[in-house]
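To start, the structure under review is shown below, and the notes come after it.
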Amino acid sequence: MSAQREMKEKNPWHTPVTIIITVIGVIAIVALVTVAVVQNRPLPQKYKYGIVLDAGSSHTALYIYEWPAEKDNNTGRVEQKHSCKVDGPGISSYASAPLKAGQSLRECMQKAEKWVPSKRHHETPLYLGATAGMRLLNMVDSVASEDVFQAVKEALQKFPFSYQGARILSGQEEGAFGWVTVNYLDERLKQGLETTGALDLGGASTQISFVSDNYDGSESPNNSVNFRLYGNDYNLYTHSFLCYGKDQAHRLKLAHQTQSGPNAVADPCSHPGYNATKKYSVLYDSPCVSDRKPQGAPATFHHTGTGNLQQCQEVVRNVFNFTDCKYSHCSFNGVFQPILQGGFGAFSAYYFVMDFLNLTDTTVPLEAVKEQLKAYCATPWDQIVQQHPKAKLKYLAEYCFSGTYILSLLTEGYNFTSVTYSDIKFIEKIKGSDAGWTLGYMLNLTNMIPAEAPDFPPLPHAGYVSIVTIIAVLIFILFLFSLRPLWPRCSKQQQIV
Ligand SMILES: Nc1nc2c(ncn2[C@@H]2O[C@H](COP(=O)(O)OP(=O)(O)OP(=O)(O)O)[C@@H](O)[C@H]2O)c(=O)[nH]1
Ligand SMILES: [Ca+2]
């Protein structure tokens, strides 16, 4: 009994000082690790929102974007939360009844009120950008264009969001912001990767934007846009062709066809058996074609289909001018274009049309694509209608033309070859967000893409906590080793002695 007590007395682990030191050591380690974990624990996520209305020539669409509140000025990923297609035509079609342009937006705006949490309404910026439809209206009737904007402004200001204005985007802005959107969503800008070009085909205009090593902006400064994003400089080539969206190009083609015989058009770009009576006043109601109206034209003309791809290609070629080029390289209509470089994302009508025609796979050789389109164009109209009972007749009647126009624009217009055709990807969305100019426009106006790369903490949170824990445990073990002379084995040795 007394030996036991003696041993206990000699065992330094049982001295009050070592017990206190050990307990304090353990508490210190636990406290240190707890602080490290708790301090950096992700806070409950709060979001911010932005709304952009894309007032296109054919229709208006509303997009709601969402991003984590604490990351809006550096690396936070902005995502599309919701989109709403406005019923009816684009706002430029309401030139004779501007109030209706404002009213048309109401339904989508009411939905936006529900999608954005009410406590965020007042701080949510709301933008409206109009593109080629309003550009054309502004050219022919600037008063009507102003009236439409006034009506739209009044309608939008009735909603509780932070209204930031409605304006016409320049073609350059439209092209450049489409490029920003595509590369932001692909995370190419943040990572400084080679960028993807952007091809947008609207109803009234079409844009091409890409970065080329051969282009420094000096040859045609109007086509140059400079960006500094995440610490990288980009010299972007961009061009917007007004009147070369698919609806206006269709008019250009028909206008050309009606020159030779104003009463009837036998159209190789329409299916055999297609037959419609069309009004000249409607066809020529656009500044893209108004100067070509044949003298003494009748009120209507017969539009029939013959469904012949090769002849359709010839007719489509007539809408481009390939003869004049005062630069080292041109696309068409005397417009400078540097040598194509890198991959391209083709969206909007490029996607709608190629998706409908089952031609989005660009690894299929161009010749095979043309064969497929040839067979489609030659299919009788009644068969086409039967096969697609749910499709809009207006769209259905034009897919043969649209497919032919797209191939012609890409290969003859922009100079893609049967080899570089596979550099194009027909896309609708990237990671859930629509490809288009709206996201890039909002990112720019809210300064959400920094010019310089943001600074990150040298270690991620998990790495930091692990290192703190390991170091604390090592210090504690070292401390225990420092008490080695007092360890029990020593006291046993003493006993033996
Ligand atoms: N097939 C098909 N065509 C569509 C669809 N949505 C729009 N289009 C057509 O595709 C063309 C381009 O549409 P958008 O990209 O919305 O054009 P937009 O923005 O109104 O016109 P821009 O102001 O020139 O950009 C137009 O001719 C539309 O009528 C669709 O869902 N399917
Ligand atoms: Ca558009």
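In what follows, residues are counted from 1 in the order of the sequence shown. Both counts, for ligands and for their atoms, begin at 1 and track the order of listing.
The nearest pair of heavy atoms linking Ser220 to Tyr215 is O-OH, 3.1 Å.
At a threshold of 4.0 Å, the pair Glu367-Lys374 does not count as salt-bridged, since none of the basic side-chain nitrogens sits closer than that to a carboxylate oxygen.
Each ring-ring contact (aromatic ring centres under 6.0 Å, His included) pair with one or both residues in residues 78-114, not counting sequence neighbours, appears once here: His82-Trp115.
A disulfide bridge connects Cys84 to Cys108: their SG atoms sit within less than 2.5 Å of one another.
For ligand 1, the 4.0 Å heavy-atom shell takes in Gly56, Ser57, Ser58, His59, Lys85, Thr131, Ala132, Glu174, Leu201, Gly202, Gly203, Ala204, Ser205, Lys246, Asp247, Ser348, Ala349, Phe352, Tyr395, Tyr399, ordered by chain and residue number.
Heavy atoms of other residues, nucleotides or ligands lying less than 6.0 angstrom from NE2 of His302 number 12 at most.
Proximity of His59 to Asp87: side-chain heavy atoms (C-beta onward) are nowhere separated by under 4.5 Å.
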